Amino acid sequence: MVLMDEKFLKPYNPQETEQRIYKLWEESGLFNPDNLKNTDKGAFTIIMPPTNANGSLHAGHGLVMSIEDIMVRYKRMQGFKTLWLPGLDHAGFETQVVYEKKLEKEGRTRFGMDRKELYKEILDFTMMNSSNIRSQIKAMGASCDWSREKFTLDITPTVYKTFQRMYDDNLIYRGNRIVSWCSKHQTSFSDLEIKDEEKIESLYYLKYGPFTIATSRPETKFGDKYVVMHPDDKRYSEYKHGDKIELEWINGPTTATVIKDDAIDMEFGTGVMTITPWHDNADFEIAERHKLDKEQVIDEQGKLLPIAGEFAGQHIKKARPLIIEKLQQKGLVEKIEENYKHVVRTCYKCGTIIEPQIKSQWFIKMKPLAEKALGKIHSEEIKYIPEHYKKITIHWLENIMDWNISRQIVWGIPIPAKICTQCKHGMADIENKITKCSSCGGEVVQDNDTFDTWFSSGQWPFATLGYPDNEDYKTFYPTDVMETAGEIIFFWVSRMIMLGLYITGKVPFKTVYLHGLVLDAKGQKMSKSKGNVINPLDLTAKYGTDAFRIGMVVGNTPGTSLALAEDRIKGYGKFSNKIWNATRFVLEQTKDFKIPEMPSYDEEDKKSDEELKNLIQEITKEMDEYKFYIVAEKLYHYFWHTFADIIIERSKKKILENRNADSAKALLFTQLTTLLKTLHPFMPFVTEEIWSMLPENPTSQSSDGASKNLLMIEKWPS
RNA sequence: GCGCGGUUAGCUCAGUUGGUAGAGCAACCCGUUUACACCGGGAAGGUCGCAGGUUCGAGUCCUGCACCGCGCACCA
């Protein structure tokens with residue numbers, strides 16, 4: 001009846017197929033849920049984690065696109081009004097770092113550049129690169145609704161309203177507090193942008209009047225004038241809180257004051273320490289408790305200030321040995337303990353040692369927000385896959401610290417606030433109307449800082465859907481699944497929950513699905529410096545996108561990292577071709593055969609028919625449980641080792657001997673079409689391409705009632 | 001220090017109310033049978049990290065330990 005397509009005479013050619021098929025899908029308009037018919041099962045929504053507009057697709061993205069597209073295609077075929085909303089990320093600090101490197105190469109630097117000019121340069125740079133990432137997402141076969149695409153800078157109005165509301169609710173405050181400062185990037189960070197690194201350095205025991213104090217950072221000690229010990233420490237019971245002691249210190253005589261505080265660990269060192277409140281979190285807390293003076297010793301560039309006397313202007317790194325030398329000359333070094341292992345906090349981006357500094361910044365009070373989130377997590381309104389992330393989240397939320405959302409960088413959403421030049425009071429001002437300080441009446445200036453990028457992306461789900469009035473918000477919020485990397489569970493996922501709850505009163509998503517890291521074939525983290533970065537597009541070009549997608553999913557349980565070996569993908573490239581060739585055989589055998597609507601099978605074919613039906617039941621359940629790793633494996637196995645190896649082989653004999661040939665032919669066709677449907681979410685290109693070449697078939701039952709339609713909207717078999 | 005994972009075939013990993021272990025890749029043997037050599041058939045391969053406990057029965061539950069990885073924490 002139908003002549004076989006000549007294409008089948010050659011092996012499956014993904015390069016020739018994929019772009020054409022993607023275009024077909026896009027032109028159908030069916031990525032847009034508004035165009036889906038018979039969506040009787042309600043809405044299903046996934047908001048895509050916004051992709052860095054500057055980046056190019058890496059292996060992790062490849063996994064995101066594969067998993068999310070599988071979920072989305074599955075739900076669409078089941079008759080859900082399915083929305084997958086794509087987005088691009090301006091990626092604040094990340095992008096600024098990339099751009100700074102570019103400037104560096106050109107012999108320029110951002111410092112001293114006009115802010116507006118720099119912003120515009122980065123914006124142009126970002127916009128120019130964004131079309132690249134967009135086409136790469138398409139190359140992965142992502143069936144997201146491009147008509148609803150959002151950019152993280154688009155949601156600025158929402159972010160501003162949130163800022164104002166939190167300010168009015170006293171959840172945001174301007175605080176002169178100790179923050180983590182990177183002297184290379186010249187910005188403060190939240191606690192999450194800090195990476196702890198174990199280092200082996202020296203611990204110096206210094207004579208401080210009658211005491212011996214231990215320190216790993218002698219360069220901070222110039223201004224130390226408080227000596228702290230535990231109130232219960234009998235060794236120092238002769239000293240009373242508030243006692244003054246004259247002593248000789250690095251640059252001459254000084255007066256020290258005795259402070260008793262139970263934050264002191266009597267076991268450590270000598271049980272006595274001096275404090276540097278400006279440059280140490282713990283010391284800051286002690287100073288706050290006792291209302292002690294705080295003085296800056298190190299400037300924002302990491303250089304010593306005039307308080308360091310002859311060392312002023314020197315970088316701390318160079319100054320340390322010189323300071324020790326001087327202390328030794330003065331006989332103030334009691335001993336030096338080498339090989340002292342301790343943890344140093346560093347910038348997660350450049351590894352520069354973080355210098356705590358006291359700065360006036362915007363902070364969010366997290367406790368009240370965290371409590372609400374904990375309630376929803378405990379009541380199971382948010383489900384975690386894998387489940388242990390729930391524990392991790394609860395632990396974090398229960399110990400949460402206030403969040404510094406100010407960043408001293410240009411690339412980001414400017415903070416809509418005024419700062420008093422006199423009393424440093426900060427005021428939210430989204431309408432740009434405030435002209436004097438509401439606290440002291442003093443002059444105000446615009447805050448020059450930008451928001452931590454996670455403050456805005458934390459509002460992504462409700463902001464992209466147009467909270468509060470947009471129809472999309474009403475239809476698609478709360479969203480169903482948030483699928484992203486386990487790595488950003490605190491940065492992003494937990495904050496989305498807190499901010500989403502705060503603004504909308506509802507959880508932003510019902511299920512959190514977290515995938516693990518994609519590692520190289522040897523199980524090592526990919527990095528440019530190691531040169532082991534695998535570009536997913538190289539693999540898709542070689543073996544086809546379908547091969548890449550199913551290869552990323554088979555056996556890859558949520559949360560665990562995946563070692564991406566090329567052989568893995570290669571194997572599924574063969575599988576694409578296997579499907580292709582099996583189809584050729586089925587079409588050859590059934591070309592003159594009318595497929596009956598209710599086939600009558602012989603005994604063994606009937607068994608096979610039932611076996612597949614059982615398989616469909618199993619995998620449908622597993623799809624609903626997000627066990628794609630097992631569904632993909634089962635489909636692969638059934639197609640290859642049951643359908644191809646057993647059913648096809650069996651049919652050859654039957655057809656040749658003309659024994660129950662009709663039963664065999666009907667089974668071949670039915671199984672093939674059923675398998676194409678179930679494989680489609682995993683391998684959309686090859687299945688759609690084959691589908692388009694099949695004759696009209698009675699099993700076709702698209703969700704909009706047409707007799708033959710795109711496979712992407714065929715009904716998921718049951 | 002606290003917390004979270006992991007430890008199963010050479011490699012990468014599955015194993016869902018406890019019932020004497022599975023897949024893919026690699027390696028081995030045989031086979032070019034007209035959908036496919038991007039193939040087919042066959043065989044091999046594991047004291048399930050260690051030690052106890054619960055049980056008729058434990059990879060699966062409990063306790064302890066070891067090693068690997070990660071997260072959190074203000075130990076100078």
Side-chain angles (χ1 to χ4, degrees), chain A residues 4 8-9 11-12 178 191-192 194-196 203-206 213-218 220-221 224 228 263-277 280-286 340 342-343 345 356 386 388-396 398-401 486-487 489-490 516-517 519 521-523 525 543-544 547 551 554-557 559-589 618 621-622 625 627 629-630 632-634 636-637 640-641 644-645 648-649 651-653 656 668 672:
Chain A
M4 201 166 45
F8 276 122
L9 301 178
Y12 173 59
I178 194 151
D191 307 280
L192 292 178
I194 306 308
K195 201 172 147 47
D196 285 353
L203 185 65
Y204 306 93
Y205 287 79
L206 307 178
I213 58 159
T215 181
S216 59
R217 302 200 60 198
T220 65
K221 299 275 128 193
D224 287 11
V228 191
I264 298 296
D265 179 358
M266 290 186 268
E267 310 285 308
F268 188 90
T270 57
V272 185
M273 69 175 193
T274 62
I275 57 167
T276 314
D280 186 285
N281 290 297
D283 295 2
F284 178 83
E285 297 293 330
I286 293 170
Y340 171 63
H342 69 147
V343 170
R345 317 180 78 210
H388 75 261
Y389 275 106
K390 180 175 160 179
K391 283 192 225 168
I392 296 174
T393 301
I394 288 172
H395 186 257
W396 185 72
E398 283 175 343
N399 298 287
I400 200 154
M401 287 179 280
E487 272 186 307
I489 182 157
F490 306 141
L517 252 41
L519 308 170
K522 289 178 196 152
K525 205 167 172 170
Y543 307 109
V554 171
N556 183 15
T557 43
T560 52
S561 51
L562 170 80
L564 177 55
E566 185 162 340
D567 272 353
R568 191 188 177 93
I569 307 304
K570 193 174 162 188
Y572 294 103
K574 291 184 190 176
F575 183 47
S576 301
N577 199 48
K578 187 77 182 179
I579 299 171
W580 187 256
N581 284 315
T583 304
R584 180 200 304 175
F585 177 80
V586 173
L587 291 186
E588 268 172 5
Q589 300 306 320
E618 270 174 46
K621 183 164 172 277
E622 283 155 352
E625 291 166 351
K627 293 177 178 168
Y629 61 99
I630 195 118
E633 191 183 320
K634 280 183 179 173
Y636 172 88
H637 208 261
W640 202 308
H641 299 298
D645 289 350
I648 286 186
E649 291 307 317
S651 76
K652 286 180 185 171
K653 277 189 198 157
L656 206 67
L668 286 179
L672 176 68

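Each chain gets a letter, A, B and so on, in the order the sequences are listed, and its residues count up from 1. Here the structure is a predicted model, which is why all the values come from computation and not from measurement.
- Distances shown here put a side-chain N or O of A:Tyr629 below 4.0 Å from the OP1 or OP2 atom of B:G15.
- Using a 4.0 Å heavy-atom criterion, one finds that A:Asn581 contacts the bases of the nucleic acid, with or without backbone contacts as well.
- One P atom belongs to B:C39, the other to B:A27, and the distance between them is 14 Å to the nearest Å.
- Counting only Watson-Crick and G-U wobble pairs whose two key distances fall under 3.5 Å, RNA chain B forms stems of three or more stacked pairs at B:1-7 with B:66-72, B:10-13 with B:22-25, B:28-31 with B:39-42, B:49-53 with B:61-65.
- Straight-line distance between the C1' atoms of B:A9 and B:U54: roughly 30 Å, to the nearest whole Å.
- A:Lys390 is linked by a salt bridge (Lys or Arg N to Asp or Glu O under 4.0 Å) to A:Glu380, counting only residues two or more places apart in sequence or in another chain.
- Nucleotides B:G15 and B:G52, compared at atom C1', are 25 Å apart to the nearest Å.
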Find every protein N or O atom lying less than 3.5 Å from an N or O atom of nucleotides 5-10 of chain B, and list the pairs.
{"residue": "B:G5", "atom": "OP1", "partner": "A:Lys391", "partner atom": "NZ", "Å": "3.0"}

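- Applying the ring pair (Phe, Tyr, Trp, His ring centres under 6.0 Å) test to A:Trp580 and every residue at least two apart in sequence or in another chain returns A:Phe8, A:Tyr12.
- A search for side-chain hydrogen bond (donor to acceptor under 3.5 Å, both in side chains) contacts involving A:Ser216 returns nothing, not counting sequence neighbours.
- As judged by a 4.0 angstrom heavy-atom cut-off over every strand, A:Asp567 is placed among residues touching the sugar-phosphate backbone only.
- Using the six-membered ring where Trp is involved, A:Tyr340 and A:His342 have ring planes that are tilted, between 30° and 60° apart.
- Within the 3.5 Å criterion, the main-chain N or O of A:Pro356 finds no donor-acceptor partner in the side chain of A:Arg345.
- Considering only residues two or more places apart in sequence or on other chains, A:Glu633 meets the salt bridge (Lys or Arg N to Asp or Glu O under 4.0 Å) condition with none of them.
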